[in-house]
There are 2 protein chains.
Amino acid sequence: MLQFSLKAANVRALPSQLLVEPAPTHHSPTVLRLSPRSTLFLEGYARAPQYRVVEGCVALSQSLSDGRRQIIDMIGPGRMVGIGVGERNRCSAETLSYVTLEAIDSVDHAELERGLEEMVLRAQAHATLLGRKTAPERVASAILDLADQFLRPSRGCKRNTICFNLHPTRGDLADWLGLTVETVSRCFTRIKKAGLIDFNHPEIVTLLQPATLAEIAAGSRAIDNTNQA
Amino acid sequence: MLQFSLKAANVRALPSQLLVEPAPTHHSPTVLRLSPRSTLFLEGYARAPQYRVVEGCVALSQSLSDGRRQIIDMIGPGRMVGIGVGERNRCSAETLSYVTLEAIDSVDHAELERGLEEMVLRAQAHATLLGRKTAPERVASAILDLADQFLRPSRGCKRNTICFNLHPTRGDLADWLGLTVETVSRCFTRIKKAGLIDFNHPEIVTLLQPATLAEIAAGSRAIDNTNQA
DNA sequence: CGCTCGGTTGATATCCCTCAATGAACGTGG
DNA sequence: CCACGTTCATTGAGGGATATCAACCGAGCG
């Protein structure tokens with residue numbers, strides 16, 4: 001039947017842990033530290049608590065009954081998790097790296113509205129990506145988005161280059177971009193061969209030509225494959 | 001290059017009108033009446049005013065530089081337009097039918113937050129549709145969504161059936177669902193031949209088996225085509 | 001050391017896009 | 001009233017981007 005089978009959804013064994021106790025801190029804000037593949041909350045359950053991400057990467061996802069999974073958003077440092085999720089959560093939230101969270105007890109309206117608006121804008125841009133962009137365009141967009149959110153830690157592997165840790169696996173990226181693992185992997189190699197990015201370990205990516213990458217992401221340029229090494 | 005060309009984006013001549021003056025009303029809320037294919041606001045321009053839809057259908061859309069278009073949301077009676085659009089609009093808004101709007105001068109926080117949350121939830125569901133559903137599933141989902149939003153006017157063409165006016169054209173639906181006109185049309189005929197819906201004029205649709213349609217929309221059932229007339 | 005997991009690559013299949021033609025509905029102008 | 005153009009919808013034939021299936025490799029780990 002489908003061109004999307006269970007396989008495409010990268011079904012995982014199960015969350016490695018379901019909750020982690022707060023770590024002690026010296027004053028007010030409660031801080032949580034989670035391992036990769038921890039579940040913050042699950043689709044269909046009671047309303048989620050709200051956090052702010054201090055460090056690391058959290059994925060929001062929805063699943064169809066047959067296991068097809070769609071990652072709705074990748075959330076990095078500074079952003080809120082647990083807002084815009086509906087009364088009974090319409091999303092699950094999973095950590096994709098070691099994550100430090102700060103519990104939010106009360107949000108003021110301005111902050112909540114800013115957070116919600118950011119969710120809306122990102123979701124809209126993502127809809128355009130999912131509905132109208134080609135596979136290479138999606139991957140280029142993803143790389144730039146993640147670079148933007150996760151630049152901080154390991155800046156500048158070399159002089160003048162932007163190098164960062166790509167927290168999601170190829171499978172996570174596939175579920176985010178509406179593709180399969182294989183297609184994501186092939187796009188990475190193509191983009192690498194075109195000289196736009198570089199990586200040895202698949203998680204550590206260096207941007208060599210961010211401007212060109214942005215053009216590809218925007219759909220105004222194709223990948224140049226004449227550049228075979 | 002792309003499998004999505006300019007054609008796929010259903011590029012239109014241009015908005016038939018750009019603004020329409022308020023119609024006189026007897027008291028406070030300013031009411032606007034717009035014709036089909038009027039533009040409420042355009043992507044990239046100064047922040048949009050805010051309205052509530054009283055009657056009719058408004059489409060929010062984004063476009064790529066080469067003309068590929070993605071409709072982000074279809075907005076029906078009761079919902080707000082012009083929120084969650086960013087400072088410089090990241091969306092255009094176009095009427096798909098005769099539309100009655102009510103200008104909103106001030107929204108209280110609770111209402112704004114409810115509106116924004118609804119935008120987020122719908123955008124998330126739509127991302128799952130765009131990323132992981134097959135063409136027939138998308139069309140089934142769209143029919144149910146529109147039925148839900150636009151049931152009111154022409155209820156019950158016949159006894160016990162749900163009949164409504166499908167405001168968007170096949171082209172609009174294609175841009176909403178990340179498909180092409182032809183694919184949308186083929187899905188409609190398949191769903192009709194399977195006995196799940198009926199229509200003579202392509203805009204007036206009757207739901208014959210909403211429950212089955214919902215199963216298809218959810219991805220838990222395939223279209224039964226043994227049912228050839 | 002064997003197992004699993006994540007990533008990559010190749011060969012093949014298929015869903016949906018592209019291109020093309022047709023027909024109905026509608027408005028316009030002669 | 002009737003040609004004429006335009007828009008929208010439908011249908012068919014063919015092709016292409018991406019999914020599927022399969023094999024292999026390296027790393028981590030009990």
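The chains referred to below are lettered A, B, ... by the order of the sequence lines, with proteins before strands, and numbering in each begins at 1. Since the model is a prediction, treat every value here as computed from it, not as a measurement.
We find that B:Asp172 and B:Arg69 are joined by a salt bridge, their nearest charged nitrogen and carboxylate oxygen being less than 4.0 Å apart.
Remark: C1' of D:dC8 and CZ of B:Phe188 are 13 Å apart, rounded to the nearest angstrom. To the nearest angstrom, P of D:dA9 lies 9 Å from CG of B:Leu166. Between A:Arg170 atom CZ and D:dC25 atom C1' the separation is 15 Å, expressed in whole Å. Following rounding to the nearest Å, A:His201 (NE2) and D:dC25 (C1') show an atom-to-atom distance of 14 Å. Atom C1' of nucleotide D:dT18 and atom CZ of B:Arg132 are separated by 12 Å, given to the nearest angstrom. Counting to the nearest Å, the P atom of D:dG12 and the CZ atom of B:Arg190 are 14 Å from each other. Note: CG (A:Leu173) to C1' (C:dG6) measures 12 Å, nearest angstrom. Protein atom CD of B:Glu182 is 14 Å distant from nucleotide atom C1' of C:dC15, rounded to whole Å.
Which of C:dC16, D:dT18, D:dC8 sits closest to the side chain of A:Ala135 comes down to D:dT18. Nearest nucleotide to the side chain of A:Glu203, out of C:dC16, D:dA9, C:dG7: C:dG7. Side chain of A:Thr189, nearest nucleotide from C:dG7, C:dT8, C:dT9: C:dT9.
In terms of polar N and O atoms assigned as donor or acceptor, the side chain of A:Arg186 never comes within less than 3.5 Å of the base of C:dG7 in a complementary pairing.
Paired with A:Arg122 under the rule side chain to side chain contact (heavy atoms under 4.5 Å, CB included), one option of A:Gln124, A:Met119, A:His126, A:Glu118 passes, and it is A:Glu118.
With no hydrogens or angles considered, a side-chain donor-acceptor pair links A:Thr183 and A:Thr180 at under 3.5 Å.
The salt bridge (Lys or Arg N to Asp or Glu O under 4.0 Å) pairs that include a residue from residues 200-211 of chain A number zero, where partners must be two or more places apart or lie in different chains.
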